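The structure under discussion appears below in the form of structure tokens.
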Amino acid sequence: MNIRPAILEDLPILLDFEQKIIEAERPMDPTLKQNEKITYYSIEDYILSDHTQVVVAEIEDEIVGSGYGQIRDRLEYFEQKQLGYIGFMYVTEEHRGKGVSQGIIKYLCDWFKTKNLEEIRLTVYDKNPRAIRAYEKVGFEKHLIEMRLNLND
């Protein structure tokens, strides 16, 4: 497996991965628009950005996974002024369970270390236990719980 920074030529595959992520997450989130195309990320901008590292995982020259690491500013009441944020994690179905996501996360952690960051965060749906297990496998721990109430229910 090879993990490398994404390039603009990867964009069609990455845009497809984004739609597959949205398709998987729609049933977990009733607040998402259900019947129209939406996007989560500005992938092209992220590829060109200095504060975001978009990466792809390749097996036999085929892109099979993606993720990004982003440097984000924190509010003044936190010890550290910035943190790393991981998002856009996707692995094709046929390559899940092969350590692809762990490889991507390790690559991004190494990138964050070069930026002298001390903490990395990510968000994951509570109704996505497979993803939660994958993140816990590489050392992430649950930290906050976001809750919601729909006043129309």
Side-chain angles (χ1 to χ4, degrees), residues 1-72 74 82-148:
M1 175 175 52
N2 178 45
I3 298 172
R4 63 168 175 80
I7 57 176
L8 290 177
E9 289 78 7
D10 300 328
L11 198 53
I13 292 167
L14 297 176
L15 292 172
D16 180 59
F17 285 1
E18 177 186 33
Q19 290 306 306
K20 288 179 175 158
I21 292 169
I22 291 167
E23 179 182 317
E25 290 181 349
R26 272 192 167 123
M28 297 179 216
D29 191 340
T31 67
L32 293 176
K33 294 178 181 177
Q34 297 296 313
N35 297 314
E36 63 184 83
K37 185 176 179 179
I38 60 173
T39 60
Y40 286 167
Y41 314 109
S42 300
I43 300 168
E44 182 174 352
D45 294 338
Y46 290 175
I47 290 171
L48 298 172
S49 170
D50 291 334
H51 71 280
T52 303
Q53 179 75 67
V54 180
V55 297
V56 295
E58 295 175 314
I59 296 177
E60 296 177 9
D61 295 322
E62 176 189 358
I63 296 175
V64 300
S66 65
Y68 76 72
Q70 191 170 70
I71 299 168
R72 294 186 174 179
R74 302 195 74 185
Q82 294 180 315
L83 61 76
Y85 182 84
I86 290 178
F88 188 41
M89 291 296 299
Y90 182 78
V91 177
T92 59
E93 260 186 71
E94 59 271 18
H95 292 285
R96 291 178 187 163
K98 296 180 181 179
V100 175
S101 62
Q102 287 95 339
I104 291 169
I105 291 169
K106 182 185 179 328
Y107 186 102
L108 293 172
C109 287
D110 290 344
W111 181 75
F112 287 133
K113 286 178 188 174
T114 70
K115 305 298 183 185
N116 298 314
L117 297 179
E118 296 178 23
E119 184 178 355
I120 302 168
R121 294 197 181 196
L122 57 79
T123 56
V124 60
Y125 284 103
D126 185 52
K127 294 179 182 177
N128 194 348
R130 184 179 185 151
I132 293 169
R133 280 192 304 275
Y135 296 132
E136 288 175 337
K137 220 183 230 186
V138 294
F140 282 87
E141 297 175 347
K142 293 178 183 174
H143 178 66
L144 292 171
I145 297 174
E146 180 176 301
M147 300 177 74
R148 64 179 287 275

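Bear in mind that the values here come from a model prediction, so they are computed numbers and not experimental data. For the single chain, residues carry numbers from 1 onward in sequence order.
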- If a pair satisfies ring pair (Phe, Tyr, Trp, His ring centres under 6.0 Å) and one of its residues is in residues 84-118, list it, with sequence neighbours excluded. Phe17-Tyr90, Tyr41-Phe88
- Task: Supply the atom-to-atom distance Ile3 CD1 to Gln102 CD, rounded to the nearest 0.5 angstrom.
- Result: 10.0 Å
- Query: Hey, does Lys98 have a side-chain heavy atom less than 4.5 Å from the side chain of Val64?
  - Reply: no
- Query: Considering residues at least two apart in sequence or located in another chain, which fulfil the salt bridge (charged side-chain N to carboxylate O under 4.0 Å, His left out) criterion with Lys37?
  - Reply: none
- Note on the structure: Between the CD1 atom in Ile13 and the CD atom in Glu62, the distance rounded to the nearest 0.5 Å is 8.0 Å
- Task: Please tell me if the side chains of Pro30 and Arg148 come closer than 4.5 Å, counting only heavy atoms from C-beta onward.
- Result: yes
- Close side-chain approach of Tyr135 and Ile105, heavy atoms under 4.5 Å: yes
- Note on the structure: Test side-chain contact (heavy atoms from CB on, under 4.5 Å), reference Leu117, set Glu119, Lys115, Lys113, output is Lys115
- Task: Please report the shortest heavy-atom distance between Val100 and Ala57, naming the atom on each side.
- Result: CG1-CB, 3.6 Å
- Message: Between His51 and Arg72, is there a side-chain heavy-atom distance shorter than 4.5 Å?
- Response: no
- Would you indicate whether Glu60, at its atom CD, is surrounded by more than 12 heavy atoms from other residues, nucleotides or ligands within a distance under 6.0 Å? no
- Query: Any side-chain heavy atom of Arg74 sitting closer than 4.5 Å to one from Arg121?
  - Reply: yes
- Note on the structure: side-chain hydrogen bond (donor to acceptor under 3.5 Å, both in side chains) pairs touching residues 11-30, sequence neighbours excluded, are Asp16-Lys20, Glu25-Tyr40, Asp29-Thr31, Asp29-Tyr125
- Report the distance from atom OG of Ser66 to atom CG of Leu15, rounding to the nearest 0.5 Å. 10.5 Å
- Is the backbone N or O of Asn116 less than 3.5 Å from a side-chain atom of Glu118, with the two atoms forming a donor-acceptor pair by type? no
- Full working for side chain to side chain contact (heavy atoms under 4.5 Å, CB included) between Asn128 and Arg130: CA-CA 6 Å; Asn128 194 348; Arg130 184 179 185 151; 4.2 Å; yes
- Query: Would you say the side chain of Glu136 lies within less than 4.5 Å of the side chain of Ile132, judging by non-hydrogen atoms?
  - Reply: yes
- When Ile47 is tested against each of Leu14, Thr52, Asp10 for side-chain contact (heavy atoms from CB on, under 4.5 Å), which residue passes? Leu14
- Item | Heavy-atom pair of closest approach, residues Met1 and Gly99 | CE-O, 3.7 Å
- Note on the structure: For Ile104 and Gly67 the tightest heavy-atom approach is CG2-CA, 4.1 Å
- Note on the structure: Distance col, row Ile120:CD1 vs Leu108:CG, nearest 0.5 angstrom, shows 8.0 Å
- Message: Could you check whether any side-chain heavy atom of Val55 comes within less than 4.5 Å of a side-chain heavy atom of Arg4, counting everything from C-beta outward?
- Response: no
- Item | Neighbour count above 12 (heavy atom, 6.0 Å) for Gln34 CD | yes
- Query: Ile59 versus Asn2: any side-chain heavy-atom pair under 4.5 Å?
  - Reply: no
